[in-house]
Structure formats: structure tokens, C-alpha cells
2 protein chains.
Amino acid sequence: MTASSTSDHDAEQTLSLDQALDMPRIAIESITPDVEGGRFAAKAVVHQQSSISAVVFSDGHDQLAVDLVWRRFPDAHWQRTPMEELGNDHWSADLTTHLAGRVVFAIEAWIDLYGTFHYELQKKHQAGVSVDLELREGAALIRDSAAQAAAHHVERMNQLVADLDSRAGNDQLLALMLDPGTVTTMRTAGLRGHLTRSPVQALEVERQLAQFASWYELFPRSVTDDPQRHGTFADVAGRLPEISQMGFDVLYFPPIHPIGSTHRKGRNNSLVAEAGDPGSPYAIGSAEGGHEAIHPELGSLDEFLELVSKARDHGLEIALDFAIQCSPDHPWITEHPGWFSWRPDGSIRHAENPPKKYEDIVNVDFYADDAIPDLWLALRDAVKGWAGHGVTLFRVDNPHTKPLPFWEWLIADIRRDYPDTIFLAEAFTRPAMMARLGKLGFSQSYTYFTWRNTKDELQSYFAELNTSPWRDCYRPNFFVNTPDINPRFLHESGRAGFLIRAALATMGSGLWGMYSGFEIAEAAPVPGKEEYLDSEKYQIRPRDYQAEGNIVAEITRLNLIRRQNPALQTHLGFQAYNAWNDNIFYFGKRTEDLSNFILIAISLDPHHPQEAHFDLPLWEFGLPDDASMHGEDLMNGHTWIWHGKTQWMRIDPAYQPFGIWRLRTVEGT
Amino acid sequence: MTASSTSDHDAEQTLSLDQALDMPRIAIESITPDVEGGRFAAKAVVHQQSSISAVVFSDGHDQLAVDLVWRRFPDAHWQRTPMEELGNDHWSADLTTHLAGRVVFAIEAWIDLYGTFHYELQKKHQAGVSVDLELREGAALIRDSAAQAAAHHVERMNQLVADLDSRAGNDQLLALMLDPGTVTTMRTAGLRGHLTRSPVQALEVERQLAQFASWYELFPRSVTDDPQRHGTFADVAGRLPEISQMGFDVLYFPPIHPIGSTHRKGRNNSLVAEAGDPGSPYAIGSAEGGHEAIHPELGSLDEFLELVSKARDHGLEIALDFAIQCSPDHPWITEHPGWFSWRPDGSIRHAENPPKKYEDIVNVDFYADDAIPDLWLALRDAVKGWAGHGVTLFRVDNPHTKPLPFWEWLIADIRRDYPDTIFLAEAFTRPAMMARLGKLGFSQSYTYFTWRNTKDELQSYFAELNTSPWRDCYRPNFFVNTPDINPRFLHESGRAGFLIRAALATMGSGLWGMYSGFEIAEAAPVPGKEEYLDSEKYQIRPRDYQAEGNIVAEITRLNLIRRQNPALQTHLGFQAYNAWNDNIFYFGKRTEDLSNFILIAISLDPHHPQEAHFDLPLWEFGLPDDASMHGEDLMNGHTWIWHGKTQWMRIDPAYQPFGIWRLRTVEGT
């Protein structure tokens with residue numbers, strides 16, 4: 001009898017007696033983590049404990065036993081962990097796996113017949129009531145259990161029966177039946193009353209890099225000392241040491257495929273390109289190939305493979321951009337016209353936002369007759385090809401404009417062969433879609449972070465990401481800037497503003513990202529817009545990364561602090577604390593056991609010093625308001641003792657607009 | 001293609017391409033009201049609007065159309081209401097039904113092909129862009145829709161095509177295609193892209209008495225002027241006018257069945273009854289019959305039927321107690337020994353809480369081999385028999401100690417024939433079970449109310465009952481006392497305490513109940529216990545209901561106020577407001593449109609006057625802090641104008657420990 005049989009009871013029908021008799025007697029509900037009632041997998045990472053909980057109860061007063069049963073997909077073998085009762089029918093067990101891949105789990109519950117018997121026997125014995133009848137019942141239960149034991153329990157049960165047979169007199173029988181060993185044997189191998197199993201739910205276990213990583217984005221063609229000379233993979237290899245030394249883990253490139261020439265965009269997004277303009281790498285496809293090919297000016301496939309390998313030597317993995325749109329020169333347009341949507345005049349339907357038109361790009365039509373299933377397979381094969389070339393991360397361009405079932409299938413399909421593959425959703429859209437992309441398999445996502453600037457905005461956004469459904473399905477990657485987003489806050493903030501945003505991103509989430517130029521405080525916008533002037537999307541832009549005022553040292557330190565402190569390796573564990581100044585965003589990041597407890601105070605004002613009294617969260621450690629704790633400034637290593645709950649801070653953006661302090665109990669130091 | 005096909009995608013399998021292609025392109029999620037993902041019906045009452053909402057979205061920028069489809073079970077006919085888009089992918093529609101019974105509903109969504117076309121056509125036309133191509137596409141869409149129209153849409157679509165054929169030139173075509181009538185026709189009868197339907201969910205629509213009722217409980221045998229003379233149904237008939245005049249709707253009797261004599265309990269729960277002791281009516285069954293029979297001293301079946309009829313004449317419905325346990329003399333024990341659990345010595349297993357035993361009662365064993373299905377049917381038939389005798393409400397004794405599937409089946413089964421039947425769960429147990437009983441069909445439930453005494457406790461309990469999952473599955477019946485619960489608060493509170501608890505119950509929920517004796521402030525406990533001294537459970541207790549200090553007038557007034565104010569006819573619509581005194585619990589009850597807005601201030605101190613400044617919730621009406629509003633004291637009819645947000649009150653328990661004020665805008669008066 002399983003709980004899933006309840007789903008046979010359609011809301012449209014009155015329950016029949018036969019159905020009712022078939023339904024589980026034990027209720028299993030409120031299983032967590034849960035994403036839409038088990039429709040999607042909840043997120044987890046290797047080596048990290050997931051707490052699985054459920055509410056389990058039945059009628060009456062019998063004792064229940066509850067197990068977490070689970071297996072790593074596609075293993076056939078189910079493992080089993082007894083769950084602990086926490087009170088009010090809540091049960092919990094921890095689950096940790098050490099390999100990436102899908103884990104499925106269910107909750108099994110049954111009436112613990114012997115446990116209930118044992119409890120009553122003990123009570124009566126202690127109360128001095130005669131238990132003769134109980135001993136007869138207990139013996140019968142043990143014998144019945146042996147007679148009906150599953151094959152792998154027969155030996156153990158037969159031993160217990162032999163022990164039972166060897167006992168003479170009620171005192172000996174009582175001793176055997178009260179023995180904890182008997183209770184354990186009977187819980188494991190004895191009869192289970194009204195055994196019930198919940199529907200199966202899933203955890204998508206990814207490697208740690210899915211949750212904790214620092215991304216660095218650059219246009220390979222700009223890695224050059226001359227805007228007339230197209231940068232190459234070999235040039236990029238030359239930058240690996242400095243990117244690695246800054247503490248980044250992922251090196252991400254916009255599309256590296258051949259760029260179309262028809263309707264090519266010129267500098268600053270002009271409609272007509274001039275001779276020598278390289279075009280937008282997002283206009284994918286030319287006579288030289290499409291999504292599986294490399295733009296010849298960047299180098300050959302071999303040179304790409306060499307870069308991937310060298311990057312690994314520097315602790316960096318390469319992320320590629322998966323952008324499904326095609327330039328009008330993409331080979332698919334002539335080879336597979338049926339994958340596109342055609343208008344009555346024989347033209348292809350363009351992406352448009354009327355009356356605007358984006359004529360350098362056309363979109364495929366996923367549900368066109370000819371596109372099923374060939375287009376889906378071709379796209380899958382493009383990704384699979386790059387995965388085969390050692391690419392382990394994909395940043396997916398605008399996934400919210402492609403069908404949801406496509407992503408759910410593609411990600412699962414790629415992960416079957418390459419379980420370590422990480423997908424980052426570049427979705428900037430409404431919340432339900434952002435969450436859904438996480439639910440269906442994206443490891444992580446772009447966020448609203450760049451548009452959250454005030455203390456109020458940041459506090460509620462960080463808190464929301466720590467709350468269901470977000471916490472179970474969505475890992476935020478806080479990019480401080482992108483080629484598409486030159487945040488307004490930075491236009492006038494100066495160097496201090498870049499430090500503020502870097503601190504917010506690095507401390508706020510285990511995942512953060514930076515598009516090159518940020519480290520030298522580049523901020524010149526197209527006037528009035530959140531776009532970069534002379535955007536690298538349309539031209540080659542060499543830079544001097546050691547320019548005066550750069551924040552390379554601070555980024556390096558922030559990334560180092562992240563590596564040294566587990567509390568900073570996730571967006572979870574956030575808690576806002578009081579600082580009596582609306583310009584100072586003050587919060588904690590804590591591991592569950594509080595062994596790593598970081599306090600972060602960030603002034604949101606890049607121009608003036610700010611001061612505030614603030615709460616030292618002594619209560620989190622169960623300490624009184626006059627207790628002392630050990631503090632350490634993680635930016636410079638200074639240490640001190642804090643006395644009492646109320647403290648004071650002053651933050652001067654001219655020096656450093658934030659403080660990062662590790663908090664420890666005095667005994668713990 | 002329906003959303004329910006997604007459930008074919010087992011968490012244990014990797015999604016195949018065929019499955020992905022079969023999955024809905026449009027996501028429908030977060031449907032409310034929802035009880036465990038549609039596993040159970042959400043609660044509703046007739047004539048009352050239920051707001052159905054969902055989050056619906058798809059990839060890309062096409063417009064969606066969303067309908068609520070629903071039918072009254074078991075009607076075959078589905079009705080359809082377009083849902084309104086509220087922003088951020090939230091859609092909503094209201095649903096009201098006027099008959100009790102189950103309503104099933106689903107959400108249908110599709111890509112609104114013509115709506116999307118119309119939006120783009122209009123934009124381009126307004127921008128002065130040529131739309132020649134668009135007009136050809138629009139015409140094709142209309143013709144395709146007509147060609148593929150469902151039978152009941154063919155005529156309407158053919159008319160549109162005829163209109164299209166009659167238009168000469170692009171200007172006329174444009175006018176037709178922009179016409180709102182064309183949009184409506186195409187939304188209703190045109191092609192629907194990627195039509196998706198959510199799984200079916202249910203609403204259990206009950207009559208209003210399930211949500212708004214005042215219950216009065218008495219022991220019929222105590223309706224007598226002499227403890228030696230057993231009260232009868234005819235005696236009870238004599239009390240109907242006064243109970244009705246107090247404003248009660250339901251008259252509830254503890255079990256009226258024959259009472260066993262074996263192990264009969266004596267006065268004050270003594271283990272041995274004296275001659276003449278009537279025994280507990282919960283020890284059901286004797287040679288005179290079991291759950292289908294009437295205790296002969298109360299009267300005959302005809303006399304019972306007469307009482308039911310007379311009660312109706314007074315606006316009262318009779319509620320009976322359904323208590324499944326049996327006295328040792330119950331006929332079932334000899335007629336159906338297989339329905340009970342027997343021990344090795346030939347005795348029946350008693351209900352026990354070791355080392356205590358309850359020897360006057362034995363419980364049936366629902367899952368004994370012989371009990372399936374005969375016991376289940378016998379119990380169902382017992383309830384059905386009383387329903388056939390005109391009993392419309394059942395108070396179910398300890399439902400949490402009987403199997404959940406039994407109740408789910410029994411309630412559905414009874415309601416199929418008697419859809420007006422109301423079930424009250426007498427469950428005092430842990431929260432998950434309390435909620436589950438509501439989910440599976442109980443109309444209402446006993447609560448923790450009697451143990452919530454402080455402002456903090458009351459405020460959080462009332463708020464919790466207004467929050468999911470409680471608000472969707474659980475209607476609280478606030479009994480101020482029961483034969484089993486003589487609340488500690490009342491032991492020393494005097495008359496004012498009874499008024500306090502009456503005000504809390506009547507204002508807090510649409511459902512409240514009172515066990516007779518409360519109106520004359522009876523409170524003598526078994527020393528140190530929450531039990532009544534000389535409990536009526538074990539003896540006959542005549543009373544003088546006009547005794548000095550009675551609160552009959554206040555109860556009458558409170559019930560009248562409830563009848564006159566829809567905001568008080570449910571526990572929903574609660575909102576706590578600020579009163580700066582921890583002894584004054586101050587809150588609002590509001591209809592959704594705020595047309596009925598009641599402020600309630602209850603002092604929790606029965607001994608001393610209490611004073612407080614309090615907030616007049618002007619902001620709820622969008623009014624500034626210095627606005628004026630109209631106030632009316634509903635206990636005495638006085639009216640006044642309140643000026644400004646901060647007000648002051650003084651409550652003297654010697655006079656009346658609460659205030660109930662109707663708040664109206666000045667224009668509204």
C-alpha cells in the first residue's frame with residue numbers, strides 16, 4: 001500500500017469504499033525540500049548535508065517508525081536512514097551525497113508494532129501491573145514476524161526466535177522483550193503495520209562550483225594591445241595567470257562562433273557597420289559555420305582545446321555562451337528552412353518588439369513541423385559537442401524566450417552524459433519564469449541584483465532568496481555588471497561605488513560575476529542609458545588592467561575571504577541585523593552550526609563617511625547582552641574583543657566602504 | 001495536450017525527448033485556493049465568492065488567454081469564465097455557486113494567436129509602418145480558425161469570414177481586424193495555440209451554516225426540574241423558545257443512545273456506579289440497542305422526530321454526537337466479535353493509556369479482517385439513518401483516533417445523498433491532524449481556543465487561522481466550554497470572565513459554541529482540574545437558567561450583532577491593531593470590500609479597569625491620520641464621530657469587559 005495510490009482518487013469522483021480501504025492509513029505530508037509537490041527536483045550540492053523533513057502521523061496512539069529511503073539515479077539500490085522525531089509529528093533525516101547527479105528519495109512510514117508493545121510493556125512493568133498477557137502477545141509478535149520475514153531478514157529473526165525459545169519463565173522473557181537489541185531487531189526486521197511510502201521526490205545534486213564560484217567575463221577578441229588586431233585564444237591564455245590570481249574560478253566568453261555579415265551592427269549599435277567592424281558575436285552563423293563552429297579570427301578548435309586545458313592548469317573552467325538565435329547567414333537557414341517561421345512574402349519572421357525590428361537576428365521556431373525533433377536534436381548536439389570539448393559551464397542567453405520543456409529535456413539529457421555541467425540562465429524577466437528556469441534544471445541564474453541599491457531593496461531581496469520557493473530552486477549569480485548592463489549606480493559613484501557593489505556581490509551570494517572593465521571602474525554610459533559607451537559588443541576594446549584606481553587588490557582579497565569562509569560560499573544563511581543608519585546595510589552570513597559566522601557592513605553611500613550604532617548578534621550564540629566576543633577584520637587581519645551587544649561603526653568610502661568581520665565566541669578563539 | 005501529462009514524468013526517470021515534446025508549453029502553477037496540490041478540496045460556502053487564482057506564463061512575448069473552467073459535481077456541463085491578468089503572470093477569476101456540493105475546476109491557458117496579432121497590428125499601424133503583410137497574415141488566421149472551428153463555433157466563425165470576404169481594400173480590412181468584436185470572436189472561437197489545462201482541483205461548497213452558526217449544547221436528560229426525574233425530548237422541546245431567542249442556530253446533544261451498565265461510571269467519574277446513576281452517554285450500547293437506537297428514557301423515535309421538527313420551527317437544527325466506541329453491552333460485541341481486537345485470554349483489547357485502563361469502553365478495530373467492509377458500512381449506515389431522520393449536523397467524538405480514510409469516505413458518502421450535512425470534528429490533538437481532518441471533509445473543528453488566554457496567544461492564533469493552510473481547510477468552532485473542558489480562566493474570573501470569553505468566541509469566529517451552564521457562569525471545578533465538579537456526564541443536573549448574574553442578555557445581543565454583520569460570520573477577515581495595553585486585545589473583522597468593518601476591543605482582565613490609546617485604522621480606508629470616521633457601539637446603538645488616528649479607551653469589567661464598534665466612512669453614513 002503506497003501513498004501514491006491516493007493520486008488515483010481523482011478530484012472529479014466521489015471516493016469509493018474500495019478506494020478508501022486501499023488508501024494509506026498513515027499520512028505523510030509537507031515533505032521538504034519540495035519544489036511544486038515533487039514535480040521538480042530541489043537543488044543540492046555534493047558533500048553538503050540536505051535536511052529532509054516530513055510531517056507523518058496516523059490515527060490513534062500507536063508509535064510510528066519513519067525511514068528516509070533514497071538512491072542515486074540511476075543506481076538500483078535504495079539506501080535507508082531512520083528519521084528522527086522532532087515533535088508535533090515532524091520527522092527529519094540528513095542526506096549527503098558525494099557524487100553529482102540526481103538523487104531520488106521517498107519517506108516510508110509504518111506502525112511500529114513492537115515499539116508500541118515495548119512502550120506499553122515497560123510502562124506496565126514499571127507500574128507493577130501484571131504483564132503475563134503482554135508477554136504472550138510479545139512472543140506471538142516475534143514469531144509472526146519471523147514467519148513473515150523478508151529473505152534478507154530471516155536469519156536475524158530466526159536468531160531472535162531461538163533466543164526466545166531458550167528463555168525460561170516470565171522474568172527471562174521480560175528481560176528479552178525489554179532489551180534494546182530486541183527493539184532494534186524488530187524495528188528493522190519485524191512486522192510493519194500499515195506500511196506507507198510517499199511519492200518519490202528528487203534532489204538535483206551538483207558539484208560545488210554550481211553554488212560557489214566567481215565568474216570573470218571577457219571578450220576574447222579584445223585581449224589585444226591594438227584595436228586593429230583581433231585577439232585570439234592564445235592572447236587569452238596570456239591573461240589566465242592574472243585572472244586566476246584575482247581568485248576567479250570561471251572564465252566566461254560571449255559567443256565564439258562565426259559572426260554573420262548581413263545586417264551586421266556597427267559601433268554603438270549603429271544599423272550599418274563600417275568596414276572592419278567586427279559585428280556582434282550574438283549574430284551567430286556565417287558561411288564558416290554555426291553553433292558548432294569557431295570564429296576563425298579567434299583561432300582553431302585545437303587552439304580552443306589548448307586554452308581549455310591551460311585554463312584548468314590555472315584552476316579556471318571555461319564557460320561558453322549558448323545563444324540560440326541565428327544571423328541571416330547561419331547555415332541552418334538554407335539547410336533547414338523548416339526550422340524557421342516564414343511570412344507570406346517569403347521572408348523570415350524576425351524577433352520584434354513592434355515597431356522595433358532586430359534584423360540582424362532571426363529566431364528558430366521550436367514547434368514548426370519540420371523542427372520536431374530535428375531542431376531540438378541539433379541544438380542538443382551543439383551543446384553536447386562543446387561539452388565533449390571540455391566545456392563544463394554554459395551561460396544560456398535569454399532562456400525565457402525558448403520553450404520550458406526544451407530546457408528541461410536538454411539539461412537532463414546533457415547531464416546524463418556530463419553530470420558536472422553547469423547551466424547559468426541569463427533570464428531578466430518576471431519572477432515566476434526566473435524561478436521556473438531554476439526548477440527545471442538551470443544550476444544558477446542572473447538576478448535583479450544590479451537594480452537593488454537601497455538598504456531596503458537589498459535586505460528584502462537577500463531575504464527573499466533565502467525563503468521558499470527560491471531557496472530550493474534558484475541559485476543567484478550576482479553579476480555586478482555585464483556587457484548589457486552598465487548599472488546607473490556606478491555612473492557617478494567613482495571607485496568607492498565599485499567597491500560597494502563588489503562587496504555586496506561577493507558577500508551576498510556564493511556566486512558572483514564580473515565583466516572585464518569593472519576592475520578598472522569603467523562606467524561611461526551611452527548618455528541616459530544603462531549601456532556602455534563604445535560597447536565591446538560591437539567593437540574591439542583593449543584595456544590597461546593596471547590603470548590607476550583599479551580595485552584588483554580588493555577583488556583578490558574578497559575572493560580569498562570567500563574561499564576561506566564556508567558561510568560565504570552560498571547565498572543561504574543570510575540574516576539582516578540592526579544598524580541605525582539607512583545608508584549602512586548590515587547583515588550576517590552563517591553556517592548552520594554557527595562555526596563560521598561573518599558580519600558584513602556595507603555603506604551604500606560612495607561619497608560620505610557614515611556612522612552607526614549596531615547590534616552584535618550575541619543572542620545567536622545564546623549569549624547575554626553584556627557578553628564579549630572575538631572579532632577579526634578579514635580585510636586586514638586585525639583582531640579585538642567586542643564587549644556588549646551595542647557597538648558603533650564608522651565607514652569612510654574614501655578608504656574602504658565596507659567592513660567584513662568574523663565573529664567567534666571568546667572560548668572558540 | 002494537458003498539464004496533467006507532466007505527471008507522467010516520474011522523478012525516477014530522465015525526461016525523454018518524446019515526453020518533452022508532449023509537455024505543455026505554457027506553465028500553470030500556484031493555483032489557489034489549494035490544499036496539498038489539489039489532493040483535497042478547499043472549503044467554500046454557497047453564495048460566497050471564491051477567488052481562484054493562478055500563475056500562468058510561457059516563453060517569449062506572445063499574449064496568453066486564460067479561462068477558469070468549472071462544473072458542479074456531478075453535472076457534466078463545464079462552465080467557463082475568462083480570468084483577469086493582475087500583473088507578474090498572476091491571473092484571477094471569481095467563482096460563486098448557490099448550491100451545496102462539490103465544485104471541480106481547472107485552469108485553461110493558450111497562446112492568444114489573434115490577440116498577439118492584433119496587438120502588433122495596432123502598434124505598427126499607430127507607428128505608421130506598412131501593415132500589408134500583416135493583413136494577409138490576419139486574414140489567413142481567421143480563415144484557418146474557421147476551417148478548424150469546433151461545431152458550436154462554426155456559425156460565428158463563418159460570419160466573420162463572410163465579413164472578411166465583403167471587405168474591399170486594406171483600409172476596410174484593417175478596420176475589421178482592429179475591431180474589438182473581431183478580437184472577442186477570435187478569443188472565443190479562434191485557433192488556440194498550445195492549449196493547456198491544469199489538473200482538476202475541487203472546492204467543497206457547503207451551506208452557510210457550516211461557516212456561520214452558534215451552537216448550544218445540552219444533556220437532554222438534565223432538562224428536568226428534579227434530578228430524580230430523567231429529562232425527555234418533550235422536556236427539551238419546552239426549552240426551544242429560550243434557546244432560539246438567545247440567537248442559537250444549532251442544538252447539540254451528547255449521545256442519545258442506550259447506555260451500557262457493565263462497568264458503568266458513577267458520579268464524578270467514580271469506577272462504581274450507585275443505584276440510579278444514569279451512566280455516561282458515551283458508554284454507548286445496551287440490550288436496548290446501539291448506535292441506531294434511542295435511550296428509552298429520553299423518548300421514542302417518534303418523539304425525537306417531533307423534536308427535530310419543532311426545533312426547525314424555532315430556527316434550530318439538531319446536532320447529534322457520533323462516538324464510535326462501544327460499551328461492553330453493545331450488541332455488536334456478540335453479533336460481530338470480529339469487529340474487535342481480542343487478547344490471548346479471550347478479553348477485548350480496551351482503549352488504554354498505560355497503566356490506566358478505560359474499562360467501560362471498547363474500541364472497534366477498523367482493519368480487523370472481519371471489519372472490512374462490514375464495520376465501515378455499519379457505521380456509515382448508522383450516520384445515514386440519523387441523516388434520514390432529519391439530523392443535519394454531526395459532532396464527531398475523537399475523530400483523530402479513527403482512520404483518516406474512513407472519514408474521507410464516510411463524509412463523502414453521506415454528502416452524496418445529504419449534501420447539507422455538516423460534520424464537526426471533536427479533535428484536540430496535534431496541529432497536523434487537526435488540519436488534515438478539515439482537509440478530508442470535516443466542515444469545522446474544535447480548536448485550541450479554550451487554552452488561548454493572553455493577548456499574544458489570541459492574536460497569533462486568530463492570525464494563524466487566517467493563514468494558509470488553515471484558511472483553506474479548517475473552520476474553527478470556538479466552544480467557550482464543553483462537558484470535558486471547564487477552562488481554568490473561568491474558575492476565578494467571575495461573571496466578567498464569562499463575558500470576556502463569550503465576546504472572544506462570538507467575535508473571533510463565525511462558529512462558536514456553548515455548553516449549557518455557561519450562561520449562568522457555572523465554573524466549579526474538580527479541584528485542580530479543568531473538569532466540572534458533579535459533571536453532567538455522570539449525573540442529571542437541572543439548572544435555573546434565570547439565576548442571578550446570568551449573561552443571557554449579553555449572549556443574545558452578541559448573537560444578534562453577529563447576524564447583522566457579515567464580517568462576524570467567519571473567522572476570516574481578522575486583523576490585529578495596536579492598543580498600547582497588553583491586557584486589551586484589539587482587532588478588526590472586515591468584509592473584503594470593507595463595507596462591513598467591525599472593531600473589537602476585549603479586556604482580558606476580568607478584575608480591573610484597563611485603559612489604552614489605540615489606532616483607528618484609517619489607513620485601511622486610504623484615509624490620512626487626521627481624518628474623521630463614524631463610530632457606532634453595537635452593544636447599545638450609540639453613535640459618534642472619531643477624529644484622527646490615535647484614540648483612547650477605558651474598559652471596566654464591572655460594567656462590560658469589551659467594546660464592539662462598527663466603523664464607517666463619514667460619507668457612508
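Order of the sequence lines fixes the chain letters, A, B, ..., with proteins taken first and strands second; residue numbering starts at 1 for each chain.
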Enquirer: What option among A:Ala412, A:Pro344, A:Ser58, A:Pro469 has the most heavy-atom pairs under 4.5 Å with chain B?
Expert: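 So the answer, after comparing A:Ala412, A:Pro344, A:Ser58, A:Pro469, is A:Pro344.
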Enquirer: Looking at A:Arg380, A:Glu36, A:Arg436, which has the largest count of heavy-atom pairs under 4.5 Å with chain B?
Expert: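 Among A:Arg380, A:Glu36, A:Arg436, the one with the most close pairs to chain B is A:Arg436.
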Enquirer: So do the side chains of B:Ile348 and B:Asn363 get within less than 4.5 Å of each other, counting heavy atoms only?
Expert: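 The answer is no, as the side chains (C-beta and beyond) never meet within the 4.5 Å cut-off.
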Enquirer: Closest approach of A:Leu141 and A:Phe117, non-hydrogen atoms and distance?
Expert: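 Smallest interatomic distance, heavy atoms only, reads CD2-CB, 4.5 Å.
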Enquirer: Tell me which of these, B:Arg416, B:Lys402, B:His90, has more heavy-atom pairs under 4.5 Å with chain A than the rest.
Expert: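 Most pairs with chain A among the choices: B:Lys402.
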Enquirer: When only pairs under 4.5 Å are counted, which of B:Leu133, B:Asn88, B:Val55, B:Thr401 shares the most heavy-atom pairs with chain A?
Expert: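 Ranked by contacts with chain A, first place is B:Leu133.
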Enquirer: Considering only heavy atoms and a distance below 4.5 Å, find which of B:Asp345, B:Asp62, B:Asp132, B:Asp18 pairs most often with chain A.
Expert: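 Most heavy-atom pairs under 4.5 Å with chain A: B:Asp345.
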Enquirer: Does any heavy atom of chain A fall under 4.5 Å from the side chain of B:Ala41, the backbone, both, or neither of them?
Expert: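 For B:Ala41, there is no contact with chain A at all, as no heavy atom is under 4.5 Å.
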Enquirer: Quick one: what part of B:Ile372 sits under 4.5 Å from any heavy atom of chain A, side chain, backbone, both or neither?
Expert: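 The answer is the side chain of B:Ile372.
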Enquirer: Heavy atoms only, distances under 4.5 angstrom: which of B:Arg136, B:Gln126, B:Gln122 has the most pairs with chain A? Name it, please.
Expert: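 Of the options given, most contacts go to B:Arg136.
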Enquirer: Might you point out which heavy atoms bring B:Leu15 and A:Pro405 nearest each other, and give the distance in Å?
Expert: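 Looking at all heavy atoms of both residues, the closest pair is CD2-O, 4.5 Å.
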Enquirer: Would you say A:Trp407's side chain and A:Pro399's backbone share a donor-acceptor pair under 3.5 angstrom?
Expert: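 Yes; judged by distance alone, with no hydrogens or angles, the pair exists.
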Enquirer: Is a salt bridge present between B:Glu204 and B:Arg415, judged by a nitrogen-to-oxygen distance below 4.0 Å?
Expert: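 The answer is yes: the pair qualifies as a salt bridge.
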Enquirer: Which of the residues B:Asp59, B:Leu410, B:Leu377 is involved in the greatest number of heavy-atom pairs with chain A at under 4.5 angstrom?
Expert: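 Going by pairs under 4.5 Å, I would pick B:Asp59.
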Enquirer: Below 4.5 Å, heavy atoms only, C-beta onward: do A:Pro403 and A:Tyr367 meet side chain to side chain?
Expert: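 A side-chain contact exists here, since the closest heavy-atom pair is under 4.5 Å.
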Enquirer: Check each of A:Ile26, A:Thr116, A:Thr196 against A:Leu64 using the side-chain contact (heavy atoms from CB on, under 4.5 Å) test, and report the only one that passes.
Expert: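 Answer after filtering A:Ile26, A:Thr116, A:Thr196: A:Ile26.
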